[in-house]
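Lettering follows sequence order; numbering is per chain, from 1. Values reported hereafter were calculated over all heavy atoms of this structure, with side chains retained and with hydrogens, waters and symmetry mates removed.
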Amino acid sequence: MDRYEPLKIEEKWQKIWEETEAFSAKEIDGMPKMMLAEMFPYPSGAGLHVGHVRNFTIVDVLTRFYRQQGLNVLRPFGYDTFGLPAENYAIKTGTAPQEITKVNIDNFRKQAKKLGFAIDWSREVNTSDPEYYKWTQWCFLQLYKKGLAYQKESYQWWCPEDQTVLANEQVENGKCWRCGHEVEKKKMKQWFFKITEYADELLDEIDNLEWPEKIKTMQKNWIGRSAGAEIDFKADNGKNITVFTTRPDTIKGATFIVLAPEYQGLDFIVTDDCKDAVMKYKADALKKSEVERQENKEKTGVFTGSYAVNPATKEKIPIWVADYVLAGYGTGAIMAVPAMDDRDREFAEKFDLPIVETELVDRDLYGTPKVTYKMRDWLISRQRYWGCPIPIAYDKEGNPHPIPEDQLPVIIPEVEDYQPDNSGRSALAKAKDWLKVTIDGEEMTRETDTLDGYACSSWYLWRYASPHDNKAAWDSEAIKYWEPVDYYVGADHAVAHLLYIRFWCKFFADQGYLPFREPIKRLLYNGYINAPDGKKMSKSKGNVIDPLDVINDGYGADTLRTYEMFIGPYDMDAAWDPRSVGGVYRFLNRCYNLLGDIKEVDNIIIRNKTIKKVTEDIHKYNFNTAVAALMEYVNELYKVGASSEDLVTLAKLLKPFAPHLASEMLEKLDADDEWPKWDEKYLVSDTVTVVVQINGKLRAKLEVSADDLEDEKKIMDMVLSDRKVQKYTEDGIKKQIFVKKAKLVNLVV
RNA sequence: GGCCGGAUGGCGGAAUUGGUAUACGCGUUCGACUUAAAAUCGAAUGGAGCAAUCCGUACGGGUUCAAGUCCCGUUCCGGCUACCA
């Protein structure tokens with residue numbers, strides 16, 4: 001018998017899978033389908049890391065598991081290629097992003113193939129391929145036609161380092177998510193998607209999804225729906241101030257009003273006496289960076305000099321301005337109820353404003369019911385070169401016009417210099433010829449903003465259904481067969497991407513393009529893999545484990561895959577342990593070596609037990625304990641010997657984790673890979689162990705026949721006549737408990 | 001500050017959902033094979049104790065015949081969120 005040589009075996013099977021196009025999927029009428037995908041990667045120059053491997057292997061285990069069960073399985077793959085790293089690289093080196101992207105994709109593909117993933121390679125999708133982004137632009141135009149893509153002048157987060165606008169979720173602690181530079185507010189005309197139109201549906205349908213509760217909660221909080229009321233307060237000068245509150249029932253305790261510094265109409269409220277102070281406060285507030293606002297929570301504010309009437313108490317209450325009230329939420333004005341609200345109380349105490357205990361009134365008495373959301377519309381324009389061009393052009397008056405669909409794609413022009421200028425325009429503005437476009441005989445100028453990368457990834461799962469379709473973004477028949485996606489696996493984008501794709505799904509369903517309203521049935525959110533020291537892997541710390549090194553060191557892809565499934569619960573972070581990798585390698589080695597010594601033995605009980613355990617564990621995504629069960633099985637086979645049926649079963653169960661080794665074993669055993677079934681009748685053994693506890697502590701174990709378990713009296717007789725048990729029960733027994741299900745007797749003495 | 005997770009041997013982690021705590025792997029120790037080492041195979045391995053036994057799932061209480069699991073309180077660690085009225 002030859003020895004286990006993973007690299008040799010893996011090369012052999014990868015070649016076979018490639019040549020036979022083993023994983024290409026086709027729609028087959030009447031055959032149950034299963035579609036799985038990972039969140040497609042950004043192909044960085046560094047290649048695959050161990051986190052990708054964990055993510056992709058989870059998908060692969062499920063893919064192969066369901067294939068072996070006879071389902072028609074689609075497992076595609078793609079690349080999320082627009083983005084800043086490629087553009088920054090271009091700025092630095094002058095290399096076109098198109099070129100470096102191609103190099104990186106080729107590298108990623110090569111590496112993914114070395115891992116033996118059951119991918120349908122004919123369905124690769126790449127967001128920066130004009131054949132792809134043509135349809136991203138088409139999607140934009142559909143949203144534009146329905147008024148859900150619109151322009152608005154507003155203050156936006158601006159990163160002075162990357163020279164681009166950022167979306168709310170791309171600002172972390174007041175800093176740019178990519179370069180860490182402090183962001184500032186800049187007033188610009190920007191494109192938005194009207195995601196708020198779907199706020200209610202996005203929220204209400206969350207509970208129907210088989211997604212981790214954590215993610216569902218985060219999305220709910222992000223949408224942030226609160227039901228309350230708008231209430232009008234009449235000011236001295238006759239002006240109305242409408243406040244939003246979730247507690248209209250506490251209105252009798254409202255002892256002052258607070259306006260946001262940016263409140264529209266503030267000028268009309270402020271008295272002449274207070275004008276200077278208020279204007280100075282407002283100017284200071286606008287200057288304050290977000291970091292300062294977050295770090296300093298000490299309440300500040302100024303009195304406007306005006307009063308308004310509380311409609312419930314008819315009392316005159318002062319109107320203040322303070323930056324703890326946000327202009328962008330509700331009406332930018334609140335009624336302060338310091339007796340009920342901690343922030344209002346803090347403010348009242350600091351500025352010596354009255355705090356009045358309040359009795360509650362009927363919620364609808366003084367206001368009109370109103371629902372507000374924390375979620376804002378999705379800012380999608382980016383002043384970057386390496387993104388999908390927004391298919392819009394402007395006429396001489398500056399009015400936007402959609403590029404006609406038959407002129408798509410709007411291709412990214414080649415430029416000499418990728419550096420954006422500080423006018424807030426991308427390097428696209430430098431492509432003078434490209435800028436000119438004729439629509440309906442009229443000369444126009446193209447939009448130079450590109451789309452947020454999240455727009456490109458908001459529909460790629462549908463492209464997988466018909467990736468080469470040149471008549472439509474997706475084929476309606478293909479998508480009806482394959483989608484929605486059954487399993488989507490990732491470790492990031494809890495809110496952004498996973499909310500945007502739901503939004504687009506609902507929109508395109510409304511336009512009749514999709515036959516479902518939720519794109520992802522089940523979501524698995526896997527944990528990160530950290531360095532052996534428990535810290536995040538990073539190049540600068542020099543603690544990065546390269547998965548390709550693990551393979552090439554001689555362990556092979558099967559060990560790497562199986563180890564990453566064995567490392568711990570898939571949804572928890574885990575630390576890499578190089579020695580445990582060796583343990584998994586030993587296990588696979590032991591599997592292979594069993595082939596050399598096939599015996600005439602009957603292990604039907606443990607075999608059935610293992611089939612059941614592995615099958616159920618995979619259904620529950622307990623991949624780590626599934627591998628442990630296989631290890632136990634192998635340990636047992638080493639003790640008692642393995643029949644060829646044992647080895648066939650072992651190889652079939654092992655295949656989702658270690659497909660090359662399992663394929664090799666099955667070939668040598670001349671067997672197919674059909675997923676084995678267990679029979680419950682082999683799981684009930686003739687004898688069972690009855691545990692005897694005295695006062696809840698384990699004191700004895702009795703072997704009894706399984707039939708006796710039905711006869712409580714017989715069991716108790718056996719227990720009570722046991723010599724060891726009698727030692728504890730000399731002073732009599734107060735209570736006897738027999739638990740058949742647990743095969744357990746507890747005696748209270 | 002708010003919400004959500006965690007805390008189990010020397011280490012990573014199991015535990016049928018209230019019923020034999022520590023499966024599986026790593027590490028360690030011993031043995032077999034070998035001239036030797038590696039590899040491989042086998043055995044042992046929570047702590048204390050000669051023992052019978054006692055103590056053990058972050059800490060303090062509670063419920064129960066029985067608690068890692070349920071309840072109350074505390075500490076520490078991680079994630080998200082951050083003045084959202």
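The aromatic ring centroids of A/F256 and A/F347 lie less than 6.0 Å from each other.
Atom C1' of B/rG25 sits at a distance of 29 Å from the matching atom of B/rA36, rounded to the whole Å. With both ends at atom P, the span from B/rU53 to B/rA7 equals 32 Å, rounded to whole Å. Nucleotides B/rA39 and B/rC77, compared at atom C1', are 41 Å apart to the nearest Å. Nucleotides B/rC55 and B/rG9, compared at atom C1', are 14 Å apart to the nearest Å. Distance check on atom P: B/rC4 versus B/rC71 gives 13 Å, rounded to whole Å. Comparing the C1' positions of B/rA21 and B/rG13 gives an interatomic distance of 13 Å, to the nearest angstrom. Here, B/rA82 and B/rU8 have their P atoms 31 Å apart, quoted to the whole Å. Spacing between B/rA23 and B/rA14 at atom C1', rounded to whole Å, works out to 5 Å.
Taking side-chain N and O atoms only, A/T625 has no distance below 4.0 Å to OP1 or OP2 of B/rA23. Considering only side-chain N and O atoms, A/R3 lies nowhere under 4.0 angstrom from the phosphate OP1 or OP2 of B/rU40. Distances shown here put a side-chain N or O of A/N635 below 4.0 Å from the OP1 or OP2 atom of B/rG25. Taking side-chain N and O atoms only, A/Y373 has no distance below 4.0 Å to OP1 or OP2 of B/rA85. When the side-chain nitrogen and oxygen atoms of A/K214 are compared with OP1 and OP2 of B/rC4, none of them lie within a distance under 4.0 Å. When the side-chain nitrogen and oxygen atoms of A/R586 are compared with OP1 and OP2 of B/rG27, one or more of them lie within a distance under 4.0 Å. Contact check, A/R590 against B/rG42: a side-chain N or O comes under 4.0 Å of OP1 or OP2. Regarding contacts with the backbone of B/rU16, every side-chain N or O of A/K609 stays at 4.0 angstrom or more from both OP1 and OP2. Distances shown here put a side-chain N or O of A/N624 below 4.0 Å from the OP1 or OP2 atom of B/rA14.
With hydrogens and angles ignored, a donor-acceptor pair under 3.5 angstrom links the side chain of A/K299 to the base of B/rC83.
For the pair A/K536 and A/Y528, the cation-pi test (distance below 6.0 Å, angle within 45°) is passed.
Using the six-membered ring where Trp is involved, A/F351 and A/W320 have ring planes that are tilted, between 30° and 60° apart.
Note on A/Q693: a base of the nucleic acid sits closer than 4.0 angstrom, heavy atoms only. Across all strands, A/R699 comes closer than 4.0 Å only to sugar-phosphate atoms, never to a base (heavy-atom distances). Nucleic acid contact for A/I567: sugar-phosphate only, since backbone atoms but no base atoms lie under 4.0 Å from a heavy atom of the residue. Across all strands, A/F587 comes closer than 4.0 Å to no nucleic acid atom at all (heavy-atom distances). Using a 4.0 Å heavy-atom distance criterion, A/N746 is classed as a base contact. Nucleic acid contact class of A/K701 (heavy atoms, under 4.0 Å, all strands): base. Nucleic acid contact for A/S226: sugar-phosphate only, since backbone atoms but no base atoms lie under 4.0 Å from a heavy atom of the residue. Counting non-hydrogen atoms under 4.0 angstrom, A/F623 reaches nothing in the nucleic acid. When heavy atoms are screened at a 4.0 angstrom cut-off, A/V748 is found touching the sugar-phosphate backbone but no base atom.
Between B/rG13, B/rA85, B/rG19, one nucleotide has an atom nearer to the side chain of A/P569 than all others, and that is B/rG13. Counting only heavy atoms from C-beta on, A/Y329 has its side chain closest to B/rA85 among B/rC41, B/rA85, B/rU20.
Ion pair A/K599/A/D646 not flagged as a salt bridge, since none of the NZ, NE, NH1 or NH2 atoms sits closer than 4.0 Å to an Asp/Glu carboxylate oxygen. A/R699 has no carboxylate O lying under 4.0 Å from a charged side-chain N of A/D722, or vice versa, which leaves the two without a salt bridge.
Nucleotide B/rG56: unpaired (no Watson-Crick or G-U wobble partner with both distances less than 3.5 Å).
Scanning both residues, A/T242 and A/T331, for their nearest heavy atoms gives O-OG1, 2.6 Å.
Between the P atom of B/rU40 and the CG atom of A/L595 lies a distance of 17 Å, rounded to the nearest Å.
Between the side chains of A/N635 and A/R590, at least one donor N or O lies within less than 3.5 Å of an accepting N or O.
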